[in-house]
A.B. asks: 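Can you read through this structure? Questions will come right after.
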Amino acid sequence: VAFKIGLLGLGTVGTGTAQIISNPSGRHPLLQEIEIHRVGVRSLDKPRNVQLPLEAITTDLEAIVSDPEVDIVVELIGGLEPARSLILKAIANGKHVVTANKAVIARYGDEIYTAANEAGVYVLLEAAVGGGIPVIKPLKQSLGANRISSIIGIVNGTTNYILTQMTAVGADFEDVLADAQKLGYAEADPTADVDGLDAADKLAILASLGFGGRVKREDVYCEGIRQVSAADINYADKLGFIIKLLAIAQGAKGYESDRLQLRVHPTLIPKAHPLASINGVYNAILVEGEPLGQVMFFGPGAGSGPTASAVVSDITNIVGILKSSGKTQSLDPLLTCTHQHYCSIVPIEELETRFYARFLCGDIPGVIGHLGTCFGQHQVSLESVVQIGFQDKLAEIVVVTHDVSEGNFRQALDEIRTLEAVKTIPSILRVL
Ligand SMILES: NC(=O)c1ccc[n+]([C@@H]2O[C@H](COP(=O)([O-])OP(=O)(O)OC[C@H]3O[C@@H](n4cnc5c(N)ncnc54)[C@H](OP(=O)(O)O)[C@@H]3O)[C@@H](O)[C@H]2O)c1
């Protein structure tokens, strides 16, 4: 065996990774040249679902990243610390790194890739976005000839499962979340998923790869799905839409090409759109570029085996390079991060998009006219206005706009809130 892995973490993904490496038959022959040398965990007495020599397992993760025998450190512990420090120490010790940790890369990618480039090592992260779906390498390599205009993804399986269930059974968010937690599709603390934070981490990574510049995580505008109601899903359905949590990176029209829109929010998408049929815990990423047009990557966005599939593909990628060129060669520019500048991000107020809004109004004559007037005064033109029915004696009115500026739309809403007839605005959603 020629190449030694230092595995940090033996949880869901770590176990899947160890299972693949310890059972190489029928897989790529390079796997037979890889050995798990040491494994770092938090507690030594946990039962494990993979056979490893007892002496290989340790709680001393620092010792793994500085072990002279280790060629590649595979970070699968998750979270920001100690993951960040361990990755940086591994790099400082000349180890190549494979990670599935989108949180750390989205926040500290700049620091990590600068260190990696200086040290002449690779940091690969196929598993960090879309779990088992190959999307990082395609963006870095296979699509490199294209000018990318947009990347739109369903990149969080938990929220996609919840929205799919809400759509299928007409249930509200809290009920479906509780069921998802019982079934293990949502974590006890669902914040990172349902508030869109995990999707925003992944979008920062995808955008950086697709648009060729660094992206600050805090520049990603982010709304989660807690506010999506069964009522809105139902009305959206009647209007021909499905509601999905989308992560959207778009080159801003009319601006110099490195101005980007980056946003994560629940979105009404037309039923005929390719992303409308991505259901349950599945993920999909739709990339559009010139001259290719659209290409969509679809598959299991999480889970032990699928995510480990991506992790091991990165390991074999590095092993292949080490075998063919040895350690002294310079880094392959198609596999490193060579970005020097930060993309500039368009503020959300400047976004041009369609909106869906639902109003509860006193049944005062002419209320639809008043709404139309307010919108008109702020250059918001309406595609449709439908009075859906009555709820608690209030008229329920749904509006879908044409493409409008978010800033104008918000100003119109501020004015509409002051109208006597308008009692509440229970939901405001963007439309793809
Ligand atoms: N699960 C998925 O489907 C999935 C999909 C894509 C990406 N990822 C990413 O993959 C990474 C791992 O996720 P996971 O689901 O496999 O996590 P997990 O099941 O919670 O496993 C984490 C592992 O890391 C160890 N660990 C955590 N903190 C540690 C510390 N401070 N010191 C030593 N060991 C520590 C744990 O040790 P013990 O076993 O002793 O507790 C455990 O073995 C995360 O970055 C996650 O975002 C996961």
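This chain uses plain numbering: 1 for the first residue, then up along the sequence. Atoms within each ligand, like the ligands themselves, are counted from 1 in listed order.
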A.B. asks: Look at the side chain of Asn160 and the backbone N and O of Gly280, then say whether any donor-acceptor pair between them is shorter than 3.5 Å.
C.D. replies: yes
A.B. asks: Determine whether a donor-acceptor pair (N or O, by modelled atom type, separation under 3.5 Å) exists between the side chain of Thr58 and the backbone of Ala56.
C.D. replies: no
A.B. asks: With a 4.0 angstrom cut-off on heavy atoms, strictly below it, pick out the residues next to ligand 1 and order them by chain and number.
C.D. replies: Gly9, Leu10, Gly11, Thr12, Val13, Val41, Arg42, Ser43, Lys46, Arg48, Leu61, Leu76, Ile77, Gly78, Pro82, Ala100, Asn101, Lys102, Ala127, Ala302, Gly303, Thr307
A.B. asks: Using modelled atom types and a 3.5 Å cut-off, is there a donor and acceptor pairing between side-chain atoms of Glu406 and backbone atoms of Asn408?
C.D. replies: no
A.B. asks: For a 4.5 angstrom cut-off between non-hydrogen side-chain atoms, does Leu413 reach His378?
C.D. replies: no
A.B. asks: Quick check: do Leu382 and His402 have side-chain heavy atoms less than 4.5 Å from each other?
C.D. replies: no
A.B. asks: Keeping Asp172 on the side-chain end and Ser229 on the backbone end, is there a donor-acceptor pair under 3.5 Å?
C.D. replies: no
